[in-house]
Amino acid sequence: MASELSGVALAYYGLPPVAVLLHVGLGYWIYRNHWDKRGARWFVGMLALGGIYTAITSVQLFLPSREAKVLLTTMGGFFGLTSYVAFAGFAGTYTETQYHRHPVVVVILASIPVGYLVMAPFQTAGNIWITDVWIETEPFRYLAFEPGPGLLFIIFLSYVVGFYNLYKLVVYLLSTSKRATKQLALLMAGSLSIVLIATVSNLGLFPAEHFYHGAYATIPFILLTTLALFRFDLLNVQPVARNAVVENLRDPVLVLDDEGRVVDFNAASTLIWPALDDHIGEPFEAACPTLAGEVDPADEDGEANRLTLPTDGRDRHYSVTVSRVARRDGDDEWLSVLLRDVTALEQSRWQLQKQNERLDQVASTISHDLRNPINVADGYTEILQRMIDEDGLDPEETEQALDHLGEIQTSHDRMEAIIDDILTIAREGKTVEETERVSLATAAEDAWANVDTKAATLTVSEDRMLQADRSKFLSILENLLRNALDHGPDDVTVEVGATDDGFYVADDGPGIPAEHADNVFEYGYTTTDEGTGLGLSIVKTMAESHGWTVEYDAAFDDGARFVFSVGSSEPIGEAQSAVVE
C-alpha cells in the first residue's frame, strides 16, 4: 500500500514540472516559427500564463510552510484563471469571429482577473473568498481550502468563458472545410480536457480530493495542441471559413495564404487537380504548376487570365481572377484564385467569329462573283440591241442572236445558283440552337433521294445517332453528294459511315489534286466553269453552325473523303444499304 501511495505522490510532485517544460517548449517554438500567424500571440500568452501557474503550483508543493503555500496558491490561481481570458482571445481571433471584443464578453473576461485581484487579498474577510484552509497529508502533503462565494463566482465565470470558447470552436468546426477538422478537433479536445479535469477535481473524485488539479489539466491540453501544431499545422495552415470559400460553388476556387501556399480549396477544384488535398500547405507553383505558370497571384488587380485546362478528360476554358480574401484583423491578407468556366462562352465567341467571317465572304461574293456574270449578260444584251437596231437580221445573225440569248440565260442561271448558295450560307449559317436525334443512315438516304443520282450507288457502312438540325444536316449531305456526282463518273459509289467521334462521306471518284487539297473549303473554289465554288463552303458552314469540324482526308487514295468530328454521338451498329438510280 505504501508503494502505491508513494507512486501517486510521485506523480503529483513530478507532473507539474513536466507541464512547465511543455508550456515553455511549445511557446518558444511558436514564437520562433509562427509568431506572425493570426492568433499566435494570444496562444503564446495563454501558454505563458498557464506555464507560470503550473510553475507556482510545482514550487508550493515542496514548501513546508502553510503561509507560503497559501500565498503561492493565491498567486498561481490568478495566472491560471487569467489564461482562460487569453484563450478566449485566441479562439476569437482564430475563428475570425472576434467575439472576445464584444462589449459584453469584454466585461465578463475583465471580471475574472479584476475580481480576483480585488477579493483575493481579503481571504478571510467575511469568508467571501475562502471559508477554510488546512493541510492534508494523504496521499501527500498539500494545501486544502474551501472556496467562498467570491471565489466560486470567479470560477463560475471561468467556466462560462471556457464553455463559450468551446461553443465557438464547434460552430467554426461545422462551418469550416473538412481539411481543417483534425486541427480543430484536437484543439477542442485539449480545451475540453481542462474543463473536465477541473470539474472532476472540484467534485473531489481524484486521490487528493481537496486539491485543485488545474495544473495537471494543462498536460493533455499541451499534448493534444502540440499534435495539432506539429502533425496538422494548426497555425501554419489556417482553416478558412465557408464565407471565404463556398464549398458548393461550381467554379474551382483556391485560397492562398500570405506566403503563396495553398491552404484551402473547394470540391470543384479536384476535378482539375484530383490530388490537391495532398498539396495543402505547399507553394502554389508546386500544387498547381500549369495554373501558376499562367497566373501571377501578386497581380490580383490585373485583368482576368484565360487558359485551357483538362477537366474530366476534356479541355475546358477558364477565366482566372485573383482577388483578396476579406479579413477582419487586416493582417496577412490572403488571396483567392477563382476559375470561372467559360467554355460555352468561348464556343459562342468562336461561332460568332465564324458567322462574321461568313458575312464578310457573302459580301465579297456579291461584290465580285455576281459582277462578272452580270457584265457578261449586259455585254450580250448590248450586242443583241445593236443587231436588232439594224435593218434586220439575216439567218446567220439570227443564229448568233440566239446564241447570245443562250449565253445570257446561262449567266442568269449561274447568278441564280450563286444567289441560292449565298442565301443558304447567310440564312442557314447561324448557330444551331435546337437539335434532334438524327440517324446518319436515314439522313443519307433522304439526301440521296433529293439529288439526281444517275447510275451512282450509295452505301452506309455503319449507322450513328447524331444531335443535329435535320434540315441543315441534309444540306451538308446533299452538297457532298452533288460534289461527288458532278466530279465523278456516272456510276460513282458514295459511302457514308461512322468514325470514333463523328462520320465521313467518301466516293471512289477521281479525288482532289494534292495541290488543291488545302483550298477545297474556300469560298469560290471550283474546278469547273459551271460550278459556283460554294458547295463545299456550304458544307463547312453547316458543320460549324453545329459546332462540328470537317476536314478533307488528303491521305485517302481511292477518291475523295470528308471527315466530320461532332464531339458526342451514339453508334447503333452496322447498316449495310445501297441505293441505285
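The model shown is predicted, which means the values in this text are computed figures rather than measured ones.
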Kindly write out the residues that satisfy side-chain contact (heavy atoms from CB on, under 4.5 Å) with P283, not counting sequence neighbours, or none if the list is empty. E285, A286

Please list, chain by chain and in numerical order, all residues satisfying side-chain hydrogen bond (donor to acceptor under 3.5 Å, both in side chains) with N165, sequence neighbours excluded. Y99

Look up atom CG in L47 and atom CG in L26, then write down how far apart they are to the nearest 0.5 Å. 5.0 Å

Minimal heavy-atom distance between P252 and I272, with the atoms involved, is CG-CD1, 3.8 Å

For L223, enumerate each residue passing the side-chain contact (heavy atoms from CB on, under 4.5 Å) test, keeping only those at least two apart in sequence or located in another chain. L22, I219

At their closest point, which heavy atom of E478 faces which heavy atom of A447, and how far apart are they? CG-CB, 3.7 Å

Could you tabulate the donor-acceptor pairs under 3.5 Å formed by side-chain atoms of residues 556-566, not counting sequence neighbours?
residue, atom, partner, partner atom, Å
R561, NH1, D553, OD2, 3.0
S565, OG, D501, OD2, 2.7

Restricting to side-chain hydrogen bond (donor to acceptor under 3.5 Å, both in side chains), what partner residues turn up for E551, sequence neighbours left out? none

Rounded to the nearest 0.5 Å, how far apart are CG of L256 and OG of S336? 8.5 Å

Provide the closest heavy-atom pair for A444 versus L481 in the form atom of the first, atom of the second, distance. O-CD1, 4.4 Å

Applying ring pair (Phe, Tyr, Trp, His ring centres under 6.0 Å), name anything that partners Y318, two or more places apart in sequence or on another chain. none

Which pair of non-hydrogen atoms, one from Q98 and one from T93, has the smallest distance, and what is that distance? NE2-CA, 3.8 Å

Does any part of the side chain of Y552, heavy atoms only, come nearer than 4.5 Å to the side chain of L536, both counted from C-beta? no

Contacts of D446 that satisfy side-chain hydrogen bond (donor to acceptor under 3.5 Å, both in side chains) - sequence neighbours left out: R470

Mind checking the OG-CD spacing from S471 to E436? Nearest 0.5 Å is all I need. 10.0 Å

Describe, in one word, how the ring planes of Y31 and W35 are oriented to each other, choosing from parallel (under 30°), tilted (30 to 60°) and perpendicular (over 60°). perpendicular

For a quick test of reading the model, state the closest non-hydrogen atom pair linking P510 to G488 and the distance between them. CD-CA, 3.8 Å

Any chance you could measure L477, atom CG, to L440, atom CG, to the nearest 0.5 Å? 7.0 Å

Partners passing side-chain contact (heavy atoms from CB on, under 4.5 Å) against L485 (at least two apart in sequence or in another chain): V451, T453, A456, V492

Could you check L466 against F503 for side-chain contact (heavy atoms from CB on, under 4.5 Å), going step by step and ending with a plain yes or no? CA-CA 9 Å; L466 303 168; F503 64 95; 3.9 Å; yes

Once you round to the nearest 0.5 Å, how far does CG of D507 lie from OG1 of T457? 12.0 Å

Evaluate the side-chain contact (heavy atoms from CB on, under 4.5 Å) criterion for residues L254 and C288: first the C-alpha distance (whole Å), next the side-chain angles of each, then the deciding distance (0.1 Å), finally the verdict. CA-CA 10 Å; L254 303 172; C288 311; 3.8 Å; yes

Reported CZ-to-NE2 distance for the pair F87 and H100, which is rounded to 0.5 angstrom: 12.5 Å

Is the backbone of D508 close enough, under 3.5 Å, to the side chain of T493 for a donor and an acceptor to pair up by distance? no

I'd like to check the salt bridge (Lys or Arg N to Asp or Glu O under 4.0 Å) partners of R41; sequence neighbours left out, ordered by chain and number. none

Under 3.5 Å, is there a donor-acceptor pair between the side chain of N479 and the main chain of S475? yes

Just to verify, what does E495 make a side-chain contact (heavy atoms from CB on, under 4.5 Å) with, not counting sequence neighbours? S461, Y504

Could you check if a side-chain atom of L338 sits within less than 4.5 angstrom of a side-chain atom of D251, using non-hydrogen atoms only? yes

Quick one: side-chain hydrogen bond (donor to acceptor under 3.5 Å, both in side chains) partners of T442, sequence neighbours excluded? S439

Of all heavy-atom pairs linking A441 and D463, the shortest is N-OD1, 2.9 Å

Is there a side-chain contact (heavy atoms from CB on, under 4.5 Å) between W548 and I476 once you walk through the steps? CA-CA 12 Å; W548 303 346; I476 292 174; 4.1 Å; yes

Between V337 and V253, is the side-chain contact (heavy atoms from CB on, under 4.5 Å) condition met? List the steps. CA-CA 6 Å; V337 182; V253 179; over 6 Å; no

Using ring pair (Phe, Tyr, Trp, His ring centres under 6.0 Å) as the criterion, list what pairs up with W273, not counting sequence neighbours. none

I want to check something: taking the side chain as every heavy atom from C-beta on, are V494 and V505 in contact at a cut-off of under 4.5 Å? yes

For the residue pair H279 and V262, establish whether any side-chain heavy-atom pair is separated by less than 4.5 Å. no

Does M465 reach the side chain of V438, with side-chain heavy atoms less than 4.5 Å apart? no

